Colleague: 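Sending over a structure as structure tokens; questions will come in a sec.
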Amino acid sequence: MKNAAIAQVFQDMADLLELKEENPFKIRAYQRAAHTIDSLPVELEQVMKEGKLREITGIGEAIANKITDLLTTGHLESYEKLRSEFPENILSLMAIRGVGPKTATRLYKELDVSSVDDLEKAIVEGQVAALYRLGEKTAENILRHIQGLRRKDQRVTLGEALPVVEEIIADLGKIRGVRNLTPAGSVRRFKETIGDIDIMGTADDPESVIQAFVHLPQVEEVLGKGATKASVVVGNGVQVDLRMVEHDSFGSLLQYFTGSKDHNIALRDRASRQGLSLSEYGITVTKTGEIERFATEEGFYERLGLQYIPPELREGRNEIEEAEKGTLPKLIEASDIKGDFHVHTDWSDGHDSIEAMANAARSRDYQFLAITDHSVGRGIAHGLSVERLRQQIAEIKALDRKLSNFRLFTGIEVDIRADGTLDYPDEVLSELDIVVAAIHSAMGQDSDTMTKRIIRALDNPYVHVLSHPTCRLLGIREPIDVDIEEVFRAAVRTNTALEINAMPDRLDLKDIHVLRARELGVRLLIGTDAHSAGNLDLMRFGVGVARRGWCQAEHILNTSAFGEVESLLKQGKGQAWMTTSR
DNA sequence: ATGGCTATCCATGTTTACCAGCTGGTAAA
């Protein structure tokens with residue numbers, strides 16, 4: 001049994017115990033165990049063999065015994081007993097936003113609702129609204145969330161797909177005679193969600209690579225296998241296709257399978273007017289029927305009279321016209337990044353200390369890091385009271401003095417409350433180098449209320465940045481209802497920067513927002529929202545969004561040297577913050 | 001249920017918002 005499956009058992013048990021109104025601390029212990037197991041870097045099976053289960057924080061006698069049962073027998077009696085006390089699908093009710101344990105219990109006790117379908121029917125028939133202490137609005141709210149769950153498509157996030165791809169490429173890359181192993185498709189274009197994963201490569205002996213591919217340990221099912229192509233399903237249910245070709249036609253193959261569909265249609269259309277036809281095998285001169293092969297994509301685009309188009313721009317927007325004129329932007333690269341503006345520490349809900357975060361930043365050759373823990377309103381995240389914030393400021397400044405050629409900025413991720421006021425008074429905010437404002441509550445407001453709320457925050461003279469502006473969580477939560485264009489205009493007017501949040505579940509702003517914001521002259525920066533030192537590596541996802549939004553290095557504040565950032569911050573939201581060349 | 005501590009013990013995330021009924025339960029973050 002894998003860690004993820006065991007973690008799920010404990011999460012389910014926690015939910016069921018909540019339904020039973022068990023001791024809340026017991027529930028929390030199960031939740032904490034589930035979370036710890038889920039993010040454990042080694043398999044529990046291994047830990048158990050070494051007899052070290054109890055050494056994991058949060059795993060004591062009882063949970064260690066349960067883990068041992070699960071690993072040795074595949075079953076857990078107490079879990080099965082607990083499940084038998086409730087209807088089969090009760091947990092699926094609690095998975096709906098707006099339905100907690102109390103409501104779920106009442107729904108099945110009073111209305112005999114035991115599935116999402118039942119619940120939807122009961123709402124439509126007005127039975128839910130008729131319950132005491134529920135009503136029209138609550139019922140409507142639940143219905144909206146059910147529909148949201150249904151809409152959620154089966155795609156996985158780039159954050160889930162990319163590590164899978166990299167692992168496979170690392171494994172297959174060890175085989176003798178293999179070259180050019182590259183992801184294609186939406187992974188290569190760095191799209192926020194991925195359907196299937198496509199991997200391309202060339203090899204002296206393609207068949208041996210295909211053979212190795214279908215026998216990789218992460219493969220759960222082989223869907224098909226031929227001499228040059230195979231399809232498999234890996235652990236998280238994602239389909240991975242591998243295609244191997246001869247070295248000399250790799251360029252056209254990669255181009256063809258990178259897409260996007262819209263890009264390739266436009267490219268073909270243009271080629272046919274030049275008397276050429278395009279395929280995965282090469283470029284054919286229509287008149288003679290002669291096919292030209294391309295080992296590289298660069299050669300392929302050059303033959304068409306185009307500047308090389310980076311994969312992130314191949315969305316059929318305007319890239320072919322610009323490539324024809326030779327005016328494509330020189331996109332920002334990961335190596336341009338000199339610092340991070342949004343990280344958490346163990347002062348709020350982060351995992352690592354201020355010093356560990358600073359060291360992690362320095363080891364990535366960054367020049368600066370802003371510490372932005374949660375404000376007091378994020379109670380669950382252990383948000384900082386004014387008093388603790390001031391202690392933290394002192395500690396950050398003391399550490400900063402010890403670090404040469406590096407700047408640690410004091411900061412906060414301050415909550416924007418429902419009415420647009422902030423979680424701290426202005427005089428507290430004025431003590432910080434950087435103030436990042438964000439919405440974490442009352443996300444259901446209507447567009448007008450929400451837009452005014454955000455603009456009120458942007459108007460605050462101490463707010464430098466609006467973080468994750470649309471609050472979406474991919475596949476989990478829809479974005480808030482907001483007039484984003486109005487927010488962009490207010491950001492320009494008030495000299496407030498907007499964040500590209502690099503967390504793979506957020507990627508917020510998203511690519512097309514970045515494109516539009518940049519057109520309007522909004523200042524942008526990338527924040528990883530790191531909750532651990534290792535999370536600083538999420539920066540590349542933010543860079544990917546910036547690239548998809550056609551950003552050059554000078555469009556993103558993270559590419560500025562620390563001295564430059566410091567003087568910008570010192571001048572507050574005055575002209576310099578927005579109107580320097582950067 | 002865990003972990004600190006050696007106790008038939010004790011502490012363990014908190015604030016805000018929403019909604020139904022006009023204060024307080026419930027859920028979310």
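Chain letters run A, B, ... following the sequence lines, proteins first and then strands; every chain starts at 1. Here the structure is a predicted model, which means the values were calculated and not measured.
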Colleague: Looking at every strand, decide which applies to A:I142 at a 4.0 Å heavy-atom threshold: base, sugar-phosphate, or nothing.
Modeller: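 Answer is nothing: A:I142 stays at 4.0 Å or more from every strand.
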Colleague: Indicate, with a heavy-atom threshold strictly under 4.0 Å, whether A:R28 touches base, sugar-phosphate, or nothing.
Modeller: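 Contact class for A:R28: base.
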Colleague: With rounding to the closest Å, how many angstrom separate the P atoms on B:dT26 and B:dG21?
Modeller: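 Result for the P pair: 13 Å, nearest Å.
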Colleague: Can you give the dot-bracket line for DNA chain B, using ( ) for pairs inside the strand, [ ] for pairs that cross earlier ones, | for pairs with another strand and . for unpaired bases, where Watson-Crick and G-U count if both distances are under 3.5 Å?
Modeller: ((((....)))).(((((((..)))))))
Colleague: Using a 4.0 Å heavy-atom cut-off across all strands, classify A:H382 as base, sugar-phosphate, or nothing.
Modeller: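 Nothing, no nucleic acid heavy atom in range.
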Colleague: Has the side chain of A:R456 got a donor or acceptor atom that lies under 3.5 Å from a matching backbone atom of A:D419?
Modeller: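 Yes: the side chain of A:R456 pairs with the backbone of A:D419.
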Colleague: Starting from C1' on B:dT14, measure out to CZ on A:R417 and report it in whole angstrom.
Modeller: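 Interatomic distance, CZ of A:R417 to C1' of B:dT14: 13 Å.
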Colleague: What is the separation between atom CG on A:N23 and atom C1' on B:dA11, rounded to the nearest whole Å?
Modeller: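 Roughly 12 Å, once rounded to whole Å.
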Colleague: Donor-acceptor pair, distance only, cut-off 3.5 Å: does the side chain of A:D433 make one with the backbone of A:E566?
Modeller: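 Checking the backbone N and O of A:E566 against the side chain of A:D433, no donor-acceptor pair under 3.5 Å is found.
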Colleague: Provide the distance between the two C1' atoms, one in B:dT16 and one in B:dT12, to the nearest whole Å.
Modeller: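 Comparing C1' positions in B:dT16 and B:dT12 gives a spacing of 22 Å.
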Colleague: What is the nucleic acid contact for A:G60, judged by heavy atoms within less than 4.0 Å: base, sugar-phosphate only, or nothing?
Modeller: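 Sugar-phosphate, no base atom in range.
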Colleague: Would you classify A:I27 as touching base, sugar-phosphate or nothing, given that sugar-phosphate means primed atoms plus P, OP1 and OP2, and contacts are heavy atoms under 4.0 Å?
Modeller: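 Since no nucleic acid heavy atom lies under 4.0 Å of A:I27, the category is nothing.
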Colleague: Let me know the distance between CZ of A:R144 and P of B:dA27, rounded to the nearest Å.
Modeller: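 Rounded to the whole Å, the gap is 16 Å.
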Colleague: Closest to the A:M443 side chain: B:dA29, B:dT26, B:dA1?
Modeller: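 Of all the options, the side chain of A:M443 is nearest to B:dA29.
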Colleague: I want to confirm an ordering. Mapping A:V99 and A:T138 to their closest nucleotides on DNA chain B, which one lands closer to the 5' end?
Modeller: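 Nearer the 5' end of the strand: A:T138.
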Colleague: With rounding to the closest Å, how many angstrom separate the P atoms on B:dT6 and B:dA1?
Modeller: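 Comparing P positions in B:dT6 and B:dA1 gives a spacing of 23 Å.
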Colleague: Regarding A:R477, tell me which of base, sugar-phosphate or nothing describes its non-hydrogen contacts under 4.0 Å with the strands shown.
Modeller: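 Contact class for A:R477: sugar-phosphate only.
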Colleague: I'd like to know if the side chain of A:H344 and the backbone of A:T372 have a donor-acceptor N/O pair within less than 3.5 Å.
Modeller: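 Flag set: sc A:H344 to bb A:T372 pair under 3.5 Å.
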Colleague: What is the distance, to the nearest angstrom, from the CG atom on A:D419 to the P atom on B:dC18?
Modeller: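 Spelled out: CG on A:D419 to P on B:dC18 is 10 Å.
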Colleague: For A:M13, run the side-chain contact (heavy atoms from CB on, under 4.5 Å) check against A:R83, A:K66, A:E18 and tell me which one passes.
Modeller: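 With A:M13 as partner, side-chain contact (heavy atoms from CB on, under 4.5 Å) holds for just one option, A:K66.
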Colleague: Starting at CZ of A:R32 and ending at C1' of B:dA1, how long is that distance when rounded to a whole Å?
Modeller: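 Those two atoms, CZ and C1', are 8 Å apart.
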Colleague: At under 4.0 Å, does any side-chain N or O of A:R97 touch on OP1 or OP2 of B:dA29?
Modeller: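 Yes, within the criterion.
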Colleague: Is the distance between the ring centroids of A:Y79 and A:F10 under 6.0 Å?
Modeller: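 Judged by ring-centre distance (under 6.0 Å), A:F10 and A:Y79 do not meet the cut-off.
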Colleague: In terms of side-chain heavy atoms of A:Q31, which of B:dC18, B:dG21, B:dG13 is nearest?
Modeller: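 Looking only at side-chain atoms, A:Q31 lies closest to B:dG13.
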Colleague: Both A:A104 and A:I63 contact DNA chain B. Which one's nearest nucleotide lies toward the 5' end?
Modeller: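 So the residue in question is A:I63.
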Colleague: Specify the separation, in whole Å, of atom CG of A:D423 and atom C1' of B:dT16.
Modeller: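 Going from A:D423 (CG) to B:dT16 (C1'), I get 9 Å.
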Colleague: Look only at the side chain of A:D340 and the backbone of A:T528, and say whether a donor-acceptor pair between them is shorter than 3.5 Å.
Modeller: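 The answer is yes, because a donor-acceptor pair under 3.5 Å joins these two groups.
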Colleague: Can you check whether A:T57 has a side-chain N or O nearer than 4.0 Å to OP1 or OP2 of B:dG3?
Modeller: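 It does not, given that no N or O in the side chain of A:T57 lies less than 4.0 Å from OP1 or OP2 of B:dG3.
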Colleague: If you measure from the C1' atom in B:dG13 to the same atom in B:dT2, how many Å do you get, rounded?
Modeller: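 So the two C1' atoms sit 15 Å from each other.
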Colleague: By the 4.0 Å heavy-atom rule, please label A:G98 as base, sugar-phosphate, or nothing.
Modeller: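 Touches sugar-phosphate only.
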Colleague: Is A:R516 reaching over with its side chain to a backbone N or O of A:I512, donor-acceptor style, under 3.5 angstrom?
Modeller: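 Not a single qualifying donor-acceptor pair exists.
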Colleague: Quickly work out the A:N141 CG to B:dA17 C1' distance and round it to whole Å.
Modeller: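 In whole Å, B:dA17 C1' lies 12 Å from A:N141 CG.
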Colleague: Where the side chain of A:H440 is concerned, which of B:dA1, B:dC19, B:dA29 is the nearest nucleotide?
Modeller: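 Comparing B:dA1, B:dC19, B:dA29 against the side chain of A:H440, the answer is B:dA29.
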Colleague: In the structure I gave you, are the side-chain heavy atoms of A:N141 and A:R144 within less than 4.5 Å of one another anywhere?
Modeller: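 The answer is yes, as the side chains (C-beta and beyond) meet within the 4.5 Å cut-off.
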Colleague: Donor-acceptor check, side chain of A:D423 to backbone of A:D415, threshold 3.5 angstrom: yes or no?
Modeller: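 The answer is no, because no donor-acceptor pair under 3.5 Å joins these two groups.
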Colleague: Base, sugar-phosphate or nothing for A:E136? Non-hydrogen atoms, less than 4.0 Å.
Modeller: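 Since only primed, P, OP1 and OP2 atoms lie under 4.0 Å of A:E136, the category is sugar-phosphate.
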Colleague: Return no unless some side-chain N or O of A:R378 is found under 4.0 Å from OP1 or OP2 of B:dA28.
Modeller: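 So the side chain of A:R378 is outside the cut-off, no N or O lying under 4.0 Å from OP1 or OP2 of B:dA28.
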Colleague: Expressed as a whole number of angstroms, how long is the span from A:I380:CD1 to B:dA28:P?
Modeller: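 Roughly 11 Å, once rounded to whole Å.
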Colleague: Classify A:D349 by what it touches in the nucleic acid, base, sugar-phosphate, or nothing, heavy-atom distance under 4.0 Å.
Modeller: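 A:D349: no heavy atom of the nucleic acid under 4.0 Å.
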